[in-house]
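Have a look at the structure below before the remarks.
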Amino acid sequence: MSGSADRPFLPHFPVELPVPDLRPWLAGNLLPGVWSFTAAEPGPHVALVSLIHGNEIAGALLLSRWLARGLRPARGRLTFVFANLRAFARFDPADPTLSRYIDEDMNRVWCGRVLNGPRQSAELQRARELLPLVESVDVLLDLHSMLWPSDPLILCGTTPRGQVLGRRLGVPPLVVADQGHNTGLRLIDHSGFSTPEGQRTALLVEGGQHWEAATLATLEGCASALLRETGTLDLPPALPAAAPPRLARVTRTVVAGTHNFSFVAPFRGGAVIPHRNTLLALDGETEIRTPHDDCLLVMPSPRTMRGHTAVRLARFLGPDEA
């Protein structure tokens, strides 16, 4: 199965970003596609991960540019990861959705039972290769982008420490606490980052739509904020945020139960529906309605296959809520 299996009747999406030339970085200095640098001064191990999905090139473009500039940590250890190189090798701007993965979604395999089990795939092989590195990381930022129109956001999982870090970064200003997907664990859901009693923290930033220049700028702003926050780099103070950070918690994950799931309007991710019980979609004959007032729509997918997440519905939390 290829990465084209979950892209039925997709429209054409222009690729505004240059395709990164990763040839200088393929060998890595730790693992293939992995570069790691340690400073003389102590500090946390921070990892920036790109290409968990092979067609999400903005994060890879950012990391390749930082490597070319010779970026090194002032404190601790800094690691750059180009994750799914095999899928990226297929990337074609004329058909940019094709190279999301080779065999399966690499952001659904990070459960210990799966990683240690007998199942084989290109993505599992790579995840197993990266696992010792992942287990050594203190703070991880997974760089992503989105297919459908949506405001950028940070996904922080369920831990309070993730919520705090996401808010402190402030770029992008929307932070969403969620429990992931029913089809498998994301990298940020790996037990090393998601256990309540731990200290290690992982965030996933969705910088905007795939292949747009604004998405690259958002990812750079978020990654820079993380390196500033962790003390990994000595960076000038951030400019005042355009908007104060807001935290929302997912109250319902809507999974398509039929092949006939459809929204009643072309909703954009980040839209806020003012009133409870507003009709959002039809899943066959089942109505999907907002469960509360001021309902935030998180990454609605207008072309959703049965068993896949169609949208997450979230409620904004106050400054003192967690």
Side-chain angles (χ1 to χ4, degrees), residues 1 3 5-6 28 30-34 36 44-56 59-60 63 79-88 99-146 153-163 165-166 176-206 223 226 250 253 255 298-299 307-309 312:
M1 181 175 68
D6 59 353
L30 181 68
L31 293 167
V34 179
S36 196
H45 181 189
V46 175
L48 303 177
V49 179
S50 69
L51 293 180
I52 284 288
H53 297 132
N55 64 334
E56 297 183 16
L63 298 191
T79 299
F80 301 105
V81 179
F82 302 101
N84 199 338
L85 290 170
R86 287 184 60 186
F88 170 73
S99 56
R100 182 174 171 84
Y101 55 77
I102 299 294
D103 296 320
E104 62 178 319
D105 190 332
M106 194 175 175
N107 219 24
R108 303 291 184 272
V109 303
W110 295 93
C111 168
R113 176 178 52 80
V114 174
L115 290 168
N116 297 318
R119 185 156 60 83
Q120 299 294 323
S121 72
E123 281 71 24
L124 267 171
Q125 179 181 354
R126 179 60 165 166
R128 289 163 179 155
E129 182 179 42
L130 294 174
L131 184 59
L133 167 69
V134 168
E135 291 177 334
S136 74
V137 170
D138 298 304
V139 182
L140 182 143
L141 181 64
D142 195 7
L143 303 168
H144 284 258
S145 54
M146 299 173 278
L153 68 150
I154 291 172
L155 296 172
C156 65
T158 59
T159 65
R161 62 186 181 273
Q163 297 172 24
L165 180 59
V176 176
D178 75 322
Q179 300 198 17
H181 302 272
N182 65 348
T183 49
L185 295 189
R186 303 165 298 188
L187 176 55
I188 67 167
D189 302 321
H190 182 267
S191 59
F193 303 119
S194 61
T195 52
E197 64 277 6
Q199 297 299 318
R200 299 168 59 213
T201 309
L203 301 174
L204 186 159
V205 56
E206 297 279 6
L226 181 74
V250 170
T253 298
V255 176
V298 180
M299 298 173 62
H308 288 244
T309 300
R312 281 163 280 184

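Basis for what follows: all heavy atoms, side chains included, without hydrogens, waters or symmetry-related copies.
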Step by step, work out the side-chain contact (heavy atoms from CB on, under 4.5 Å) result for R108 and L185.
CA-CA 5 Å; R108 303 291 184 272; L185 295 189; over 6 Å; no

Work out which heavy atom in [X] is nearest to a heavy atom in [Y]; give both atom names and the distance.
X	Y	answer
T195	R161	O-NH2, 2.8 Å
N182	G307	OD1-O, 3.8 Å
A87	S99	O-CB, 3.2 Å
L155	L153	CD2-CD1, 3.6 Å
L115	A127	CD2-CB, 3.8 Å
S36	L30	CB-CD2, 4.2 Å

[atom1]/[X] to [atom2]/[Y] distance, rounded to the nearest 0.5 angstrom?
X	Y	atom1	atom2	answer
N116	R128	CG	CZ	8.0 Å
S50	E56	OG	CD	10.0 Å
R126	N84	CZ	CG	8.0 Å
D189	S194	CG	OG	6.0 Å

Would you call [X] and [Y] a side-chain contact if the rule is heavy atoms closer than 4.5 Å?
X	Y	value
H308	V255	no
V109	E104	yes
L143	L63	yes
L203	I188	no
L141	V49	no
L140	F193	yes
R312	V176	no
L133	V34	yes

side-chain contact (heavy atoms from CB on, under 4.5 Å) involving N107 - partner list, sequence neighbours excluded:
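With sequence neighbours excluded, N107 shows a side-chain contact (heavy atoms from CB on, under 4.5 Å) to I52, H53, D105, W110, D142, H144, R186, L187, L204, given in chain and number order.
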
Would you call D138-R200 a salt bridge at under 4.0 Å N-O?
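No, D138 and R200 are not salt-bridged.
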
State whether the number of non-hydrogen atoms from other residues, nucleotides or ligands found under 6.0 Å of Q179 atom CD is greater than 12.
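Not buried by this count: 12 neighbours or fewer within 6.0 Å.
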
Checking the side chain of T201 only, and the main-chain atoms of Q199 only, is there a donor and an acceptor separated by less than 3.5 Å?
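Such a contact is found between T201 side chain and Q199 backbone.
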
Under the 3.5 angstrom rule, does the side chain of E123 hit a backbone N or O of I102 as a donor-acceptor pair?
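Yes, E123 side chain to I102 backbone: donor-acceptor pair under 3.5 Å.
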
Set out, in order, the CA-CA distance, both residues' side-chain angles and the distance that settles side-chain contact (heavy atoms from CB on, under 4.5 Å) for V46 and V137, then state yes or no.
CA-CA 6 Å; V46 175; V137 170; over 6 Å; no

Is there a donor-acceptor contact under 3.5 Å linking the side chains of H45 and T79?
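Short answer, yes.
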
Under the side chain to side chain donor-acceptor pair (under 3.5 Å) rule, collect the residues that match up with T159, sequence neighbours excluded.
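Per chain and number, T159 pairs via side chain to side chain donor-acceptor pair (under 3.5 Å) with no residue.
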
If the condition is salt bridge (Lys or Arg N to Asp or Glu O under 4.0 Å), which residues does E135 pass it with, not counting sequence neighbours?
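Scan of E135 (salt bridge (Lys or Arg N to Asp or Glu O under 4.0 Å), adjacent residues dropped) gives none.
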
